[in-house]
Chemist: 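Let me give you the structure first, and then I'll get to my questions.
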Amino acid sequence: MINYESLICEETAYFTVGKTFYRPHSKITRDLGVLAAKVYKQTQEKLRVLDVMTGCGVRSIRYYLESDADYIWSNDSNPENKETIEYNLGFILQENKGKISYQNANNIFFECYNNKDYYDLVDVDAFGSPNPYLSTALWATKIGGLIYLTCTDGRTGTGHLPEKCLQVYGSYGRSHPAAQEQVLRLIIGSALQQAATMGLGIEPIFSFFTGQNYRVMLRLLPKINLSLDNYGFLGYCHQCGEYATISYQQLGKSRCYDQEEKQDYNYTISGAMWLGNLHNQEYLKTMKNLAINLKWRKVSDLLSTMINESNFPPYFYTLGEIGRRGKLDIPKRSQLITALENQGFSATITHINPQAIKTNATLKKCIYIALVS
């Protein structure tokens, strides 16, 4: 039985959890989803949402109330959640602005494709990897529409389970200090490759690591955009700590050269994966303006960080790695960024790791500047 007096409030949404799964700490991922959907609605003047793993329905409620969605299809594979879901979403049904179903997500995607019923935003809040639903989710998404993917399995993509990574993503993920960013890039790269098989493309709107889970918002493009420039490999040298992006043509030819020791070292190679920008800066700037208007300070600060980190190489350097390899005290992040900028380099914090920086300088240069500054 539902305890109707124990309602939870999240922004404009009031709901009960019952026996469904609800994680309060994931609110910021829902905030980002609401903002991205709101920007889409303002630019496209229409927003139909397919929340295919709705759980308690909080995302559906917030898309409807805060993103001004025109229509919500909420689905959950567990019919035992029916009482809770229909209580929470009943007002949407009463306004004839949505429907609820209890099926496997892939069945929903097939139904959308067969009926040519495409959605502006498809939210796939999967447990584990989103890849079992990836290719079919594309079938349910309108060209130009958004796909919001969740990954709760960080071990597979961070190098702890490389063979499983190959099974899930069709890519080999190895361990290195920036492996959390690698997971985001594996998800995007997998979506990019799947879209290409359909003659379509993928663009990241934003990529977010919560400290535990991974969330990626993608836009479906009408043409293939997979290229040798944005889809390739990341090399990491365990000897010196440097990174390199490696194209398909460079496989087997690219090696790390240590000028001090006058010796070549093999890169540990991960991939293939997305090597382009993690975020769309202009889209995020619009989201940030909305967050400021809503007085969502934590979200607007996060978006500022994501905007600044957009155009940097596909890796970061941890302060601990700089200190360990340079045999020096761990430098202060802000001081190191300022020192790098004073030397003509670009550098910024990254939301992925609070004890790391993104920069276009080499690790060796970072160590040198940390020593002399």
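FYI, side chains are in, hydrogens and waters are out, and symmetry mates aren't considered; it's all heavy atoms of this structure. Keep in mind that this is a model prediction, so the values were computed, not measured.
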Chemist: If every non-hydrogen atom of Ile357 is compared with every non-hydrogen atom of Cys366, which pair is closest and at what distance?
Modeler: CD1-SG, 4.3 Å
Chemist: Between the main-chain N or O of Leu226 and the side-chain N or O of Asn230, is there a donor-acceptor pair closer than 3.5 Å?
Modeler: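 Such a contact is absent between Asn230 side chain and Leu226 backbone.
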Chemist: Could you tell me the separation between the OG atom of Ser207 and the CE atom of Met306, rounded to the nearest 0.5 Å?
Modeler: 7.0 Å
Chemist: Side chains of Leu234 and His176: closer than 4.5 Å at any heavy-atom pair?
Modeler: yes
Chemist: Are Asp31 and Lys298 ion-paired here, with the side-chain N under 4.0 Å from a carboxylate O?
Modeler: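 No, no charged N to carboxylate O under 4.0 Å.
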Chemist: Distance-only, no hydrogens or angles: does the Glu203 side chain make a donor-acceptor pair with backbone N or O of Leu221 under 3.5 Å?
Modeler: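 Here the side-chain-to-backbone pair does not exist.
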Chemist: In terms of the angle between their ring planes, are Phe206 and Tyr148 parallel, tilted or perpendicular, with boundaries placed at 30° and 60°?
Modeler: perpendicular
Chemist: Is it the case that more than 12 heavy atoms not belonging to Asp329 sit under 6.0 Å from its CG atom?
Modeler: no
Chemist: What I'd like to find out is whether the side chain of Tyr64 reaches to under 4.5 Å of the side chain of Ser74, using heavy atoms alone.
Modeler: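 Side chain of Tyr64 against side chain of Ser74, heavy atoms only: no contact under 4.5 Å found.
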Chemist: Near Phe91 CZ, under 6.0 Å, is it more than 12 heavy atoms from other residues, nucleotides or ligands?
Modeler: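 Result for CZ/Phe91: enclosed.
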Chemist: With under 30° as parallel and over 60° as perpendicular, where do the rings of Tyr248 and Phe233 fit, or are they tilted in between?
Modeler: perpendicular
Chemist: When rounded to the nearest 0.5 angstrom, what is the spacing between CD in Glu181 and OH in Tyr214?
Modeler: 10.5 Å
Chemist: Anything under 3.5 Å between a donor and an acceptor, one on a side chain of residues 103-112, the other on a protein residue two or more places apart or in another chain? List them.
Modeler:
| residue | atom | partner | partner atom | Å |
| --- | --- | --- | --- | --- |
| Asn104 | OD1 | Asn106 | N | 2.8 |
| Asn106 | OD1 | Thr136 | OG1 | 2.5 |

Chemist: If you round to the nearest 0.5 Å, how far is CE of Met53 from CG of Asp76?
Modeler: 9.0 Å
Chemist: Within this structure, what is the NZ-CD distance for the pair Lys253 and Gln250, rounded to the nearest 0.5 Å?
Modeler: 8.5 Å
Chemist: Determine whether Thr84 and Lys19 make a side-chain contact, defined as any pair of heavy atoms from C-beta on separated by less than 4.5 Å.
Modeler: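 No. Closest side-chain heavy atoms not under 4.5 Å.
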Chemist: Between CG of Leu218 and CD1 of Ile202, what distance do you get to the nearest 0.5 Å?
Modeler: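 These two atoms lie 5.0 Å from each other.
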Chemist: Any side-chain heavy atom of Cys240 within less than 4.5 Å of one from Leu363?
Modeler: no
Chemist: Is the side chain of Asp120 donor-acceptor paired with the backbone N or O of Arg48 at a distance under 3.5 Å, no angle test?
Modeler: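 At least one qualifying donor-acceptor pair exists.
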Chemist: Is it the case that over 12 heavy atoms from other parts of the model lie below 6.0 angstrom from the NZ atom of Lys82?
Modeler: no
Chemist: Tell me whether the count of non-hydrogen atoms from other residues, nucleotides or ligands lying under 6.0 Å of OH in Tyr368 goes above 12.
Modeler: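 Check fails, neighbour count at 12 or below.
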Chemist: For the CZ atom of Arg333 and the OG1 atom of Thr348, what is their distance to the nearest 0.5 Å?
Modeler: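 Answer for the CZ-OG1 pair, Arg333 versus Thr348, is 8.5 Å.
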Chemist: Output yes when a side-chain donor or acceptor of Tyr315 lies under 3.5 Å from a complementary backbone atom of Ala178, and no otherwise.
Modeler: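 Pair absent, no side-chain N/O of Tyr315 close to backbone of Ala178.
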Chemist: Let me see the working for Leu35 and Leu303 under side chain to side chain contact (heavy atoms under 4.5 Å, CB included), right down to the final yes or no.
Modeler: CA-CA 11 Å; Leu35 291 173; Leu303 288 167; 4.1 Å; yes
Chemist: Side chain of Ser67, backbone of Ala69: donor and acceptor closer than 3.5 Å?
Modeler: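 A pair under 3.5 Å: no.
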Chemist: Quick check against the 3.5 Å criterion: does Thr16 have a side-chain atom that pairs as donor or acceptor with the backbone of Leu7?
Modeler: no
Chemist: Locate the shortest heavy-atom distance separating Thr359 from Ser346; write the atom from each residue and the value.
Modeler: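 Nearest heavy atoms, Thr359 then Ser346: OG1-O, 2.7 Å.
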Chemist: Side-chain contact, heavy-atom cut-off 4.5 Å: Asp70 with Lys41?
Modeler: yes
Chemist: Check this for me: does any side-chain nitrogen of one of Glu10 and Lys27 sit under 4.0 Å from a carboxylate oxygen of the other?
Modeler: no
Chemist: Checking the side chain of Thr156 only, and the main-chain atoms of Cys165 only, is there a donor and an acceptor separated by less than 3.5 Å?
Modeler: no
Chemist: Quick one: does Thr245's side chain get under 4.5 Å of Pro313's, heavy atoms only?
Modeler: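 The answer is no, as the side chains (C-beta and beyond) never meet within the 4.5 Å cut-off.
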Chemist: Counting the benzene-type ring for Trp, do Tyr87 and Phe15 have ring centres under 6.0 Å apart?
Modeler: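 Ring centroids of Tyr87 and Phe15 are no less than 6.0 Å from each other.
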Chemist: A quick test of your reading: do over 12 heavy atoms of other residues, nucleotides or ligands sit less than 6.0 Å from CG of Asn114?
Modeler: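 Atom CG in Asn114 is packed in, count exceeds 12.
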Chemist: Quick check on Tyr172: does its OH atom have over 12 non-hydrogen neighbours (other residues, nucleotides or ligands) under 6.0 Å away?
Modeler: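 Buried by this count: over 12 neighbours within 6.0 Å.
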Chemist: Give the intermediate values and the outcome of side chain to side chain contact (heavy atoms under 4.5 Å, CB included) for residues Lys285 and Glu282.
Modeler: CA-CA 5 Å; Lys285 288 176 182 177; Glu282 294 306 312; 3.4 Å; yes
Chemist: Applying side-chain hydrogen bond (donor to acceptor under 3.5 Å, both in side chains) to Asp51 and Thr54, what does each step give before you reach the verdict?
Modeler: CA-CA 6 Å; Asp51 182 11; Thr54 197; 2.9 Å; yes
Chemist: Provide the closest heavy-atom pair for Ile369 versus Ala339 in the form atom of the first, atom of the second, distance.
Modeler: CG2-CB, 3.4 Å
Chemist: Pro204 versus Leu278: any side-chain heavy-atom pair under 4.5 Å?
Modeler: no
Chemist: Hey, are Thr210 and Asn213 close enough side-chain-wise for a donor-acceptor pair under 3.5 Å?
Modeler: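 No, Thr210 and Asn213 have no side-chain donor paired with an acceptor closer than 3.5 Å.
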Chemist: Against Tyr243, only a single residue in Tyr236, Phe316, Phe312 fulfils ring pair (Phe, Tyr, Trp, His ring centres under 6.0 Å); can you say which?
Modeler: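 Of Tyr236, Phe316, Phe312, ring pair (Phe, Tyr, Trp, His ring centres under 6.0 Å) with Tyr243 is met by Tyr236 alone.
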Chemist: Between the main-chain N or O of Gly128 and the side-chain N or O of Thr152, is there a donor-acceptor pair closer than 3.5 Å?
Modeler: yes
Chemist: Measure across Leu47 and Ala37 and return the closest heavy-atom pair with its distance rounded to 0.1 Å.
Modeler: CD2-O, 3.7 Å
Chemist: For Thr362, does its backbone N or O pair with a side-chain atom of Glu242 as donor and acceptor, under 3.5 Å?
Modeler: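 No, Glu242 side chain to Thr362 backbone: no donor-acceptor pair under 3.5 Å.
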Chemist: Could you tell me whether Glu45 atom CD has more than 12 heavy atoms of other residues or ligands within 6.0 Å of it?
Modeler: no
Chemist: Just by modelled atom types, is the Gly159 backbone N or O under 3.5 Å from a matching donor or acceptor in the Arg174 side chain?
Modeler: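 Such a contact is absent between Arg174 side chain and Gly159 backbone.
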Chemist: Just so I know, are the side chains of Tyr40 and Leu121 near enough to count as touching, which here means a heavy-atom distance under 4.5 Å?
Modeler: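 Of all side-chain heavy-atom pairs linking Leu121 with Tyr40, none is under 4.5 Å.
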Chemist: Checking Asn277 now: which residues fulfil side-chain hydrogen bond (donor to acceptor under 3.5 Å, both in side chains) with it, not counting sequence neighbours?
Modeler: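 Checked Asn277 against side-chain hydrogen bond (donor to acceptor under 3.5 Å, both in side chains); matches are Asn311.
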